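In what follows, a structure is listed as structure tokens, so that the remarks can point back to it.
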Amino acid sequence: MPVVMARDLEETASSSEDEEVVSQEDHPCIMWTGGCRRIPVLVFHAEAILTKDNNIRVIGERYHLSYKIVRTDSRLVRSILTAHGFHEVHPSSTDYNLMWTGSHLKPFLLRTLSEAQKVNHFPRSYELTRKDRLYKNIIRMQHTHGFKAFHILPQTFLLPAEYAEFCNSYSKDRGPWIVKPVASSRGRGVYLINNPNQISLEENILVSRYINNPLLIDDFKFDVRLYVLVTSYDPLVIYLYEEGLARFATVRYDQGAKNIRNQFMHLTNYSVNKKSGDYVSCDDPEVEDYGNKWSMSAMLRYLKQEGRDTTALMAHVEDLIIKTIISAEMAIATACKTFVPHRSSCFG
């Protein structure tokens with residue numbers, strides 16, 4: 001994932017005629033773009049963490065690039081920045097090129113960003129990351145553009161506000177249904193129900209119709225972890241990384257009601273299944289289709305061998321990604337125009 005430090009590199013490189021400047025040909029970490037190829041883009045190389053190549057490290061050191069990590073413990077981010085010669089500064093420092101934070105920035109902080117500073121959050125990105133906000137955004141798009149065009153969620157209700165509507169729907173189809181907290185992750189607080197009486201209404205939750213006939217591999221449920229990067233909302237620019245992960249449940253899937261509380265069967269989150277005695281890890285990076293995590297490429301090869309149209313599948317996945325992000329585009333783009341002085345300051 002390249003983080004563009006174009007202005008900072010350009011200004012530093014031109015600050016002294018006597019200073020040695022990295023040419024357009026001689027360094028793997030700099031890609032030249034823009035008119036007359038004069039804008040340098042810093043490209044990170046993951047293997048630098050292992051190789052500790054001084055030729056790569058010299059880039060951050062030469063241009064005095066710095067970063068800070070705020071309210072999170074991102075060891076991998078710290079490792080890759082250090083390997084590229086970035087210097088870590090105190091979380092309260094204002095002298096940095098990249099801020100990697102585990103929470104949203106307040107508007108007054110966004111307004112202080114210079115053109116050479118980047119942060120890994122857009123304002124109001126919770127319009128995508130909070131399940132209740134994403135649900136409402138998609139419902140709004142269904143009303144605006146038609147249900148069929150944005151039918152990308154199973155039937156869902158926000159409780160307790162829509163409890164009566166949920167009970168009415170339940171009376172026609174008893175489920176099962178899946179319950180999720182609106183602002184949680186890693187499978188925390190997720191459970192299945194087959195009766196509204198099993199739901200706790202002490203906090204806001206989403207209840208969705210459970211997909212009872214999921215696509216299985218070797219009788220196991222799985223999901224796919226994809227890596228999507230947005231670098232701009234005006235214009236909207238989306239990148240999808242070419243590789244991903246398939247994450248498997250640890251108990252073979254069974255539709256029987258007696259298994260409704262078995263998280264190891266119904267949930268695919270690593271944070272859940274790593275606690276299972278049946279979890280199998282694979283420490284060999286050359287093996288892609290063993291254990292409870294496969295590469296996405298291995299998963300697609302398997303499905304293709306089973307006669308699935310994987311090209312159409314990935315086209316549907318890309319369509320889903322685009323429609324999901326578009327559903328929150330207006331809110332986030334408006335917040336960027338309001339709070340962010342430079343268009344290229346945010347990514348996420």
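Just so it is clear, the values below take in all heavy atoms, side chains as well, and ignore hydrogens, waters and symmetry mates. What you see is a predicted model; the values in this text were computed from it and never measured.
Evaluation of the side chain to side chain contact (heavy atoms under 4.5 Å, CB included) rule for P91 yields V70 as partners, not counting sequence neighbours. Listed by chain and residue number, nothing satisfies the ring-ring contact (aromatic ring centres under 6.0 Å, His included) test with H342 (two or more places apart in sequence, or in another chain). In this structure, the ring-ring contact (aromatic ring centres under 6.0 Å, His included) partners of Y210, at least two apart in sequence or on a different chain, are H266. R174 is linked by a side-chain hydrogen bond (donor to acceptor under 3.5 Å, both in side chains) to nothing, counting only residues two or more places apart in sequence or in another chain. For N197, the side-chain hydrogen bond (donor to acceptor under 3.5 Å, both in side chains) partners are N195, not counting sequence neighbours. Residues passing the ring-ring contact (aromatic ring centres under 6.0 Å, His included) test with F108, sequence neighbours excluded: none. Shown here are the side-chain hydrogen bond (donor to acceptor under 3.5 Å, both in side chains) partners of R140, two or more places apart in sequence or in another chain: N137. Judged as a side-chain hydrogen bond (donor to acceptor under 3.5 Å, both in side chains), and not counting sequence neighbours, E203 has no contacts. For the ring-ring contact (aromatic ring centres under 6.0 Å, His included) test, residues two or more places apart in sequence or in another chain that qualify with F166 are F157, W177.
Taking 4.0 Å as the cut-off between side-chain N and carboxylate O, R301 and E288 count as a salt-bridged pair.
Using a distance-only test at 3.5 Å, with no hydrogens or angles considered, no donor-acceptor pair links the side chain of Y126 to the main chain of K131. Remark: side-chain polar atoms of T156 are paired, donor with acceptor, to backbone N or O of P154 under 3.5 angstrom.
Side-chain contact, S66 with E88: no donor N or O sits under 3.5 Å from an acceptor N or O.
With contacts defined as side-chain heavy-atom distances shorter than 4.5 Å, the pair L65/Y96 does not qualify. A 4.5 Å side-chain heavy-atom check between L300 and L313 finds at least one atom pair inside the cut-off.
Distance OG/S200 to CD1/I193: 12.0 Å, rounded to 0.5 Å.
Pairs of residues two or more places apart, or lying in two chains, that qualify as salt bridge (charged side-chain N to carboxylate O under 4.0 Å, His left out) and include a residue from residues 316-336 are D319-K323. Pairs passing the ring-ring contact (aromatic ring centres under 6.0 Å, His included) check and including a residue from residues 316-336, sequence neighbours excluded, do not occur.
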Just distance, no hydrogens or angles: give the donor-acceptor pairs under 3.5 Å from side chains in residues 237-249, sequence neighbours left out.
residue : atom : partner : partner atom : Å
E243    : OE1  : M296    : N            : 3.1
E243    : OE1  : S297    : N            : 3.0
E243    : OE1  : S297    : OG           : 3.3
E243    : OE2  : S297    : OG           : 2.7
R247    : NE   : D223    : OD1          : 3.0
R247    : NH2  : D223    : OD2          : 2.7

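Exactly one of Y67, F44, W100 qualifies for a side-chain contact (heavy atoms from CB on, under 4.5 Å) with V77. That residue is W100.
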